[in-house]
Amino acid sequence: MQFTRFINAFKRLETPFYFYDLDILDQTLRTYTRNLRKYGYIAHYAMKANANPRILEIIQRSGLGADCVSGNEVQLALDMGFDPETVVFAGVGKSDKEIRTALQGGIFSFNCESVPEIRIINDLAAQMGKTARISLRLNPNIDAHTNKHITTGRSRDKFGISEWMLDDVLQVFSECGNIKLIGLHFHIGSQVTDMNVFQMLCDKVNYFQRWFEQRDIRLEHINLGGGVAVDYKNPLENLYSPFETYFETINRTLELRKGQKVHFEPGRALVAQCGFLISRVLYVKIGKGKKFAILDAGMNDLIRPALYGARHAVCNFTSASEKTEVYDVVGPVCESADRFGLSVRLPETSRGDMVAICSAGAYGQVMSMRYNQRELAQAYYSPDL
Ligand code: LLP
């Protein structure tokens, strides 16, 4: 990705804006699907990562299904042409309305997280004369060793069904006629950098498989969720996540039964590196022992640094200076948390310079908001520009 190619086009545009390089997206999808299909695995794109219609359209055409976490996401996936048979619906708090939307759409599977939820899905399916396919989202009690806000598989987290709840779950299935158990689902966290964590997950899945087998329950599907990390430090040198090692780890560790299908729900690793938040420097302000580069992009455009302390690479791609300096790169919003990076080394920076905040394609635009009544950033795409 070379910004110089786009400088003239960028200079004509009002900032801040999201810029998506669709060639990077395309290459990422090719790399991902090549490795996925080597093992006959199936993937559902976690559309919470980025639900921009242009991006969704490309992902849908690449042959992936959709992983949804709200009724509106289910509806959007169906409207965008995702085959209902490839749509899965997760979430600890599915409302009746959302469940009805998914039943009406005839989705592939509800990923269920509690006994009361399974009962309600059964009741609503009965009212609509349908049978709902259900995968149990199990909580394997594994720490994904990632940011505390995005680790989801420990027993103290709100997600999933723990082993001690399983007898009650089976009881519900024996009592209810409008649900069918088709598989197990897991998602232990996001931005997981340590492959051993996925190996531990597979060991737990093997354990749960034996648990169900001992009770004569056959499971057709194992869904291992998402979580593959991207390189936020050196994004331009590492555009693609280590998909080969990831699937190789899974294939080596997971013990499958005859005919079982393995599913994944990639989000971040597919879309993070194709997206950039492009901004202009409004002011360089001298602070106490430091300099602030004040951008026209703020936490309302990209909330990850403020919310999770996430660090995104920042590039000043218009400064002609040979000298570098250290800046706190901050936004204009009235919150101290509105900063993209502390002590960031950049080429000498001045008003009007343009910067790119990298790896902004996942959980960027989709989490943006109008706080301070700021406008939502527009999106532009290469090769259009
Ligand atoms: N499946 C389920 C059930 C999930 O909850 C998630 C993400 C995924 C799949 C996709 O995971 P990925 O491949 O993207 O790691 N806003 C946070 C990330 C929240 C992730 C929520 N769940 C961030 O900006 O880091």
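Just so you know, ligand 1 is whichever comes first in the structure, and atom 1 is the first atom listed for that ligand. Everything quoted here is computed from the prediction, not taken from an experiment.
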Next on the checklist: Running the 4.5 Å side-chain criterion over Ile, Leu, Val, Met, Phe, Trp and Tyr, what cluster does I294 land in, apart from itself?
Outcome noted: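 Besides I294, the cluster holds L282, Y283, F292, V330.
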Checklist outcome for this item: Excluding I182, membership of its hydrophobic cluster (Ile, Leu, Val, Met, Phe, Trp, Tyr; side-chain heavy atoms within less than 4.5 Å) reads V88, F108
Checklist entry - Hey, which atoms in ligand 1 end up nearer than 4.0 Å to a heavy atom of G267? => result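 Here the atoms of ligand 1 in question are 12 (P), 13 (O), 14 (O).
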Item to check | Option of least heavy-atom distance to atom 25 (O) of ligand 1 (set: K48, R137, R268) | outcome: R268
Checklist entry - Can you check side-chain contact (heavy atoms from CB on, under 4.5 Å) on M195 and Q199, steps first, answer last? => result CA-CA 6 Å; M195 286 292 161; Q199 193 167 322; over 6 Å; no
[X] and ligand 1 - part of the residue with a heavy-atom distance under 4.0 Å:
| X | answer |
| --- | --- |
| D67 | side chain |
| H187 | side chain |
| A46 | side chain |

Next on the checklist: Measuring from non-hydrogen atoms of G227 to any atom of ligand 1, is the shortest distance under 4.0 Å?
Outcome noted: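 Flag set, G227 near ligand 1.
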Next on the checklist: For the OG1 atom of T31 and the CG atom of L239, what is their distance to the nearest 0.5 Å?
Outcome noted: 9.5 Å
Item to check | H185 N/O to ligand 1 N/O under 3.5 Å | outcome: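 It does not: no N or O of H185 is found under 3.5 Å from an N or O of ligand 1.
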Checklist entry - Should the pair K94 and F89 be classed as cation-pi, given the thresholds of under 6.0 Å to the six-membered ring centre and 45° from the axis? => result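 Judged by the rule, K94 and F89 form a cation-pi pair.
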